[in-house]
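One structure is given below, encoded as structure tokens.
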Amino acid sequence: MSQRIPEETIEKVRQALDIVDVISEYVQLKKQGRNFVGLCPFHGEKTPSFSVSPDKQLYHCFGCGAGGNVFSFVMESEGISFIESVEKLAERTNVSLPELDSKANGKPEVSDQMKRWFQGHELAAKLYHHVLTVSDEGREAREYLRKRGFTKEMIDKFQIGYAPNSWDFLSSFLDKRSFSAEEMSECGLLGLRDFDNKPYDRFRGRIMFPIWDRRGNMIAFGGRVISDGHPKYLNSPESEVFNKSDVLYFFHKARSVMRKKNEAVLFEGYVDVISAWRAGIENGVASLGTALTESQAKMIRRNADKIILCYDSDNAGLNATYKNAQILESIGAQVVIGKLPEGDDPHDYIQRHGADQFVHEVISQHITFMAFKFDYFRRGKNLQHEGDRLNYIDQILKEISQLNRAIERDYYLRQLAEEFSLSLEALKQEQSTLLQAQQKKQKRQIHQAVQAKTLKETKKMLTAHENAERELIALMLQSRQVAEQVQKELGGDFHYDDYQAIAALIYSFYGEGFEPNPSHFIERIDDSQLRKKATELAMKKVNSDLSEQVLNDYLKQIRQFPKRKEIEQLKIKQKQAEEASDFNEAAKIAKLVLKLNLELKKQ
């Protein structure tokens with residue numbers, strides 16, 4: 001694929017970019033020494049193992065092994081081809097790509113189809129927005145939104161529209177613009193009748209809220225009825241272009257503010273996000289429904305450490321708050337709760353009390369997740385009743401015992417003791433028993449994990465000659481001089497296939513006149529596994545002032561490997577001969593082993 005764009009053009013694009021800037025749009029990075037670290041976007045983790053080197057313009061995850069340069073990162077993150085990644089990144093630079101045209105660049109057919117799906121949604125959104133804002137058909141919807149506090153600025157910003165109560169309003173519009181009904185039904189914009197396969201409008205008589213993916217492509221709609229129709233909210237059906245468990249409403253716009261503030265606000269629905277945006281909260285997002293998926297949680301966590309949950313204060317909202325806060329805490333987020341008065345939701349609260357009060361009394365005055373639990377476990381209990389009261393105290397003690405910091409545990413134990421006139425010492429004793437049981441369980445889990453890790457590391461333990469091959473490859477990637485010396489003395493005599501292949505590519509790279517440049521070298525490797533291995537070695541910290549003696553030791557380890565392996569095999573045969581009482585054969589083998597050892601010393 002890279003042959004379609006001249007290599008010098010690709011290199012210009014790469015040199016015009018900083019990998020840290022690009023990856024920072026996907027991952028929250030923090031500086032650590034010379035590198036930047038963050039949570040890996042390619043696998044779930046609580047502690048950062050994803051490292052980005054601005055010096056080498058490479059990234060590598062020490063957890064899952066993912067690695068490469070700026071092009072491979074965008075390819076993996078967005079699921080696009082190399083050509084598409086170059087094209088996408090070139091848009092951020094002053095480098096033009098005249099070599100590409102839409103038919104000759106070899107994009108997969110699915111990308112063309114995706115474009116039609118995105119275009120169909122964009123056109124539908126413009127049509128619905130036009131109907132809402134200027135047509136007679138949109139008058140009732142305009143009045144409804146006005147009464148609910150929606151301003152023209154909000155309607156325009158979020159491209160809110162209205163779908164008339166017609167079966168063919170959108171389908172006729174798209175048909176006149178040569179959009180295939182089959183294609184538009186595949187992406188959920190239209191439906192096809194079972195009995196004659198004719199298209200019809202999925203959304204009728206609804207206020208329309210466009211939904212975007214994380215890259216800002218319009219992929220779906222949420223429709224709200226004005227009257228008492230059912231269901232109240234209707235999302236587009238799931239399709240290849242729309243998977244609601246991987247989408248957060250307004251994430252494409254909120255992400256940069258999240259990273260800047262290191263804080264996100266999670267709402268229950270798009271109306272709350274829109275109202276909060278008017279109140280000045282630009283880092284608000286919503287899951288499309290109360291259930292937060294692990295994928296959505298990780299999307300937020302990669303961009304912010306602190307997450308404020310602000311859901312409706314009804315039973316469904318409180319249950320969702322508790323469940324989703326647990327999910328977010330499990331992936332290492334600091335979770336707090338924006339508490340609303342009973343029966344309120346964020347949108348209605350803002351309408352009644354104003355934006356300033358919402359920001360200062362709900363968002364800024366958020367409470368801890370533990371404080372929320374105090375209220376949450378009271379629901380449905382009569383604390384005047386002895387059984388309910390003891391059950392409540394037992395639940396709260398279990399929650400307190402799970403807190404990591406001793407000062408937090410002490411704070412909440414005192415609060416519990418004061419509220420119920422209990423002995424603080426008795427509570428501490430009970431909580432200590434719970435904590436000990438929990439710590440024993442954790443120790444067992446840690447012990448099992450350590451055993452599994454030790455077993456894994458034992459299996460992975462490097463031999464001296466494999467370590468020598470790795471170190472030499474790492475040095476060769478940083479130094480033409482070392483590569484030329486290794487080529488002269490070893491050539492292709494690496495004993496591991498991956499290292500032998502990487503060494504051959506390095507020789508070729510320098511042979512073409514290139515200077516050391518790990519990021520440029522990486523993009524020339526077509527095999528993904530080989531690219532990961534090369535990136536891992538390129539990210540290694542190497543001693544640029546390596547002594548000649550150390551270099552010679554590495555070369556010696558590799559040259560001696562065949563003979564050492566032969567000696568190991570002979571020793572096995574010697575032992576077998578001794579066990580068979582064939583002492584003459586054992587003596588012959590011992591003599592040969594001695595000879596080979598002497599030859600090793602002379603090398």
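Positions are given from 1 along the sequence. What you are looking at is a predicted structure, and each value in this text was computed from that prediction instead of being measured.
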Using ring centroids (six-membered ring only for Trp), state whether Tyr322 and Phe377 fall under 6.0 Å.
yes
Mark yes or no: Lys31 above the aromatic ring of Phe36, with NZ or CZ under 6.0 Å from the six-membered ring centre and no more than 45 degrees from the axis.
yes
Requested in this report: Count the heavy atoms of every other residue, nucleotide or ligand shown that sit under 6.0 Å from CD of Glu408, and state whether that count exceeds 12.
Outcome: yes
### Task
In sequence, state the C-alpha distance, the side-chain angles, and the governing distance for Arg215 and Glu25, and then conclude on salt bridge (Lys or Arg N to Asp or Glu O under 4.0 Å).
CA-CA 10 Å; Arg215 292 178 288 277; Glu25 295 188 5; over 6 Å; no
Lys152/Asp156 salt bridge by N-O under 4.0 Å criterion: yes
Discussion item. Can a donor-acceptor pair be found, under 3.5 Å and without considering hydrogens, that links the side chain of Asn69 to the backbone of Ser519?
Written reply: yes
* Does the pair Asp168/Lys198 count as a salt bridge with the N-to-O cut at 4.0 Å? -> no
Item to check | Lys373 to Phe369 six-membered ring, cation-pi geometry met (6.0 Å, 45°) | outcome: yes
Between Phe221 and the options Phe209, Trp212, Tyr128, Tyr270, the ring pair (Phe, Tyr, Trp, His ring centres under 6.0 Å) test singles out Tyr128
**Q.** Short side-chain to backbone donor-acceptor contact, Arg139 and Ser135, under 3.5 Å
**A.** no
### Query
Within 45° of the axis and under 6.0 Å from the centre of the six-membered ring of Phe118, does NZ or CZ of Arg116 qualify?
no
Q.
For the aromatic rings, using the six-membered ring if either is Trp, is the centroid distance between Phe50 and Tyr59 under 6.0 Å?
A. yes
ask   = Is it the case that more than 12 heavy atoms not belonging to Lys253 sit under 6.0 Å from its NZ atom?
value = no
Look at the rings of Phe372 and Tyr376 and say which category their plane angle falls in: under 30° parallel, 30 to 60° tilted, over 60° perpendicular. parallel
Taking NZ, NE, NH1 and NH2 as the nitrogens, is one of them in Arg193 or Asp196 under 4.0 Å from a carboxylate oxygen of the other? yes
Table please: side-chain donor-acceptor pairs of residues 330-341 below 3.5 Å, with sequence neighbours left out.
| from | atom 1 | to | atom 2 | distance (Å) |
| --- | --- | --- | --- | --- |
| Ser330 | OG | Ile327 | O | 2.6 |
| Lys339 | NZ | Asp375 | OD2 | 2.7 |

Does the distance from a Lys or Arg side-chain N to an Asp or Glu carboxylate O, for Lys532 and Asp527, drop under 4.0 Å?
no
- request: Output yes when Glu294 and Lys298 qualify as a salt bridge under the 4.0 Å nitrogen-oxygen rule, no when they do not.
  value: yes
If you define the side chain from C-beta out and look only at heavy atoms, does anything of His129 sit under 4.5 Å from Ile155? yes
(message) For the residue pair Arg214 and Tyr26, would you count it as a cation-pi contact if the rule is NZ or CZ under 6.0 angstrom from the ring centre and within 45 degrees of the ring axis?
(response) no
Can you find a pair of side-chain heavy atoms, one from Ser364 and one from Val359, that are under 4.5 Å apart? yes
Check whether more than 12 heavy atoms from other residues, nucleotides or ligands sit under 6.0 Å from atom CD of Glu140, and answer yes or no. no
Run the numbers on Arg142 and Asp136 for salt bridge (Lys or Arg N to Asp or Glu O under 4.0 Å), then give the verdict.
CA-CA 10 Å; Arg142 284 198 300 275; Asp136 288 339; 5.4 Å; no
Is the shortest heavy-atom distance from the side chain of Phe62 to the side chain of Ser51 under 4.5 Å? yes
